[in-house]
Amino acid sequence: MGDGLVSTTFLSEFQQHFGAVAPRDLLQTRAPGRVNLIGEHTDYNDGFVLPIAIERHSTIVARPRLDASVRLYSLAREELAEFSLEQQVAKGAPGWSLYARGVAEALRAAGLVRHGVDALVASDIPLGGGLSSSASFEVAFALALLAANGQTLPPVQLAQACRWAENEYAGAPCGIMDQFISVLAEAGRAMLLDCRDLSYRQVPLRDPDIGIMVINSQVHHNLAQGQYALRRAQCRQAVDSLRADFPQITSLREVSGKMLAQGCSGELGRDKVVLRRAGHVVGENQRTLDFAAALERQDWHSCGELMYQSHQSLRDDYEVSCPELDVLVEIARSVPGVYGARMTGGGFGGCIVALTRREAGPRLAAAVQIEYPRRCGHKALLFLTEAAAGASVQRPSG
Ligand code: ADP
Ligand code: MG
């Protein structure tokens with residue numbers, strides 16, 4: 001794709017599902033997935049996260065319609081979804097269309113869109129792999145629908161509309177990180193995002209000697225959802241207990257290591273599990289800030305060490321890892337030239353992310369390809385990525 005032209009593959013796919021079309025009548029949007037380098041399970045505690053956008057995208061090719069119908073074909077699901085913008089958008093089948101329906105409803109209710117689209121969605125992000133195919137789908141679709149209606153939305157509001165869609169229509173209680181980075185990422189930079197007030201700082205991450213490798217365990221354990229709700233409850237419980245000593249606090253974000261130690265003498269000290277959960281969050285917030293500072297100095301050793309510490313804390317104190325993720329991190333640690341690695345995303349499966357000297361990339365890939373199947377019984381998928389740019393719209397060139 002170049003000069004606003006849609007690739008011939010997408011064009012022929014589009015025509016197969018929606019009939020003949022001139023390329024100049026199509027618009028195309030792209031939104032990246034993401035990988036979180038550090039700051040895990042901190043978002044719902046008003047804390048810090050540090051994601052990058054990856055070089056994997058949802059792509060939407062769309063033709064504006066005169067009426068209010070949306071017809072959306074997913075190449076991944078090989079299925080067509082149809083709904084109308086005439087009234088409040090229905091929460092109908094198929095399940096995957098809820099992400100687009102929610103986005104459409106957010107934009108419709110805001111009075112931004114009246115015209116529907118014929119659209120095709122393609123993705124090279126694994127669906128459900130922890131790299132945020134969902135947020136990238138929402139953002140790409142939102143941009144397509146807005147562009148088809150000659151509208152735009154400020155970036156933060158766009159991210160918020162997409163998050164609303166995921167919470168209210170898809171029923172996933174996610175934070176803002178995924179949509180935020182997909183919209184606002186800049187090439188060659190990681191984003192330190194403060195989930196309390198959405199302030200952020202772009203930290204340079206572009207070094208020809210450095211590689212970021214994403215390794216997909218290809219497992220997804222079912223406990224994830226129930227355990228996620230339980231962790232949130234435990235964090236709230238920790239805050240409630242700590243308020244005996246620190247009545248002003250409203251989240252673990254405001255808690256320091258020293259405050260936690262003091263809180264141990266009270267109610268919090270009697271519940272060792274809740275104490276460990278809180279310990280992870282407090283430590284992880286500090287590690288995320290330390291990582292951003294180390295990144296600024298290009299101190300890769302410190303960055304890597306913080307990633308290992310993060311993994312250990314998620315494994316032992318927050319208890320959201322799983323054997324497959326632990327094995328992948330162990331394999332990474334055994335490869336010379338790897339600075340650090342950790343599970344990334346909610347846990348219980350999904351991916352790890354590793355920071356390596358670039359020349360160590362092939363060694364790491366080879367080690368994973370040999371060791372992981374031997375120890376876990378199946379293959380892992382992996383790829384290298386740079387810190388990619390955020391979502392974009394390409395209009396027909398005329
Ligand atoms: P992740 O965001 O980590 O990939 P989620 O479970 O949050 O995992 O989101 C995955 C879901 O998003 C899919 O099961 C599907 O419903 C929806 N989705 C994402 N991309 C597409 C796509 N290209 N076509 C259809 N549905 C998609
Ligand atoms: Mg998701």
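Order of listing sets the numbers, starting from 1, for every ligand and every atom in it. In this chain, numbering begins with 1 at the start of the sequence shown. For the numbers below, each heavy atom of this structure counts, side chains included, while hydrogens, waters and symmetry mates do not. This structure is a prediction, so every number in the text was calculated from the model and none was measured.
- The cationic group of Arg333 lies under 6.0 Å from the six-membered ring centre of Tyr308 and within 45° of the ring axis, placing it in a cation-pi geometry.
- Side-chain N/O atoms of Arg287 and Ser313 include a donor and acceptor closer than 3.5 Å.
- A side-chain N or O of Arg277 and one of Gln234 form a donor-acceptor pair less than 3.5 Å apart.
- Selection from Ala81, Ala135, Pro94, Ser133 by nearest heavy atom to atom 4 (O) of ligand 1 gives Ser133.
- Of the protein's non-hydrogen atoms, the one nearest atom 9 (O) of ligand 1 is Ser134 CB, 3.2 Å.
- Hydrophobic clustering (side-chain heavy atoms under 4.5 Å, transitive across Ile, Leu, Val, Met, Phe, Trp, Tyr) keeps Val214 apart from Val338.
- Close approach to Leu131 involves these atoms of ligand 1, each under 4.0 Å from a residue heavy atom: 3 (O).
- Ring geometry for Trp164 against Tyr169 counts as tilted: the plane angle lies between 30° and 60°, on a 0 to 90° scale.
- Within the 2.8 Å limit, Ser133 places no N, O or S atom next to the Mg ion (ligand 2).
- Shown in contact with Ser74 at under 4.0 Å from a heavy atom are these atoms of ligand 1, numbered in order with element: 22 (C), 24 (N), 25 (C).
- Between Trp96 and Phe137, the ring planes are tilted. Angles from 30° to 60° get that label.
- If you number the atoms of ligand 1 from 1 as listed, the ones under 4.0 Å from a heavy atom of Val121 come out as 23 (N).
- Looking at atom 13 (C) of ligand 1, its nearest protein heavy atom turns out to be Arg77 NH2, 3.5 Å.
- Ring-plane geometry between His301 and Tyr339 is classed as perpendicular, the angle between the planes exceeding 60 degrees on a 0 to 90 degree scale with a lower cut at 30.
- Among protein heavy atoms, atom 18 (N) of ligand 1 sits closest to Phe137 CD2, 3.7 Å.
- With respect to atom 17 (C) of ligand 1, the closest heavy atom belonging to the protein is Tyr99 CE1, 3.6 Å.
- For Gly129, the closest heavy-atom approach to ligand 1 falls below 4.0 Å.
- Shown in contact with Ser123 at under 4.0 Å from a heavy atom are these atoms of ligand 1, numbered in order with element: 23 (N).
- The distance from the OH atom of Tyr318 to the CD atom of Glu284 is 10.0 Å, given to the nearest 0.5 Å.
- For Trp96, no nitrogen or oxygen atom sits less than 3.5 Å from a nitrogen or oxygen atom of ligand 1, counting backbone and side chain alike.
- Residue-ligand proximity, Ser132 to ligand 1, at heavy-atom distances under 4.0 Å covers atoms 1 (P), 2 (O), 3 (O), 4 (O).
- Using modelled atom types and a 3.5 Å distance limit, the side chains of His221 and Glu324 yield a donor-acceptor pair.
- Put simply, the side chain of Arg65 never gets that close to the backbone of Asp118: no donor and acceptor are under 3.5 Å apart.
- Among the atoms of Gly128, some N or O lies under 3.5 angstrom from an N or O of ligand 1.
- Close contacts of ligand 1 with Gly130, meaning ligand atoms under 4.0 Å from a residue heavy atom, involve 3 (O).
- The shortest N or O to N or O distance between Gly95 and ligand 1 is not under 3.5 Å.
- Of all atoms in ligand 1, numbered sequentially from 1 with element shown, those under 4.0 Å from a heavy atom of Pro126 are 4 (O).
- Taking the centre and axis of the six-membered ring of Phe18, the NZ or CZ atom of Arg71 falls outside the cone set by 45° and 6.0 Å.
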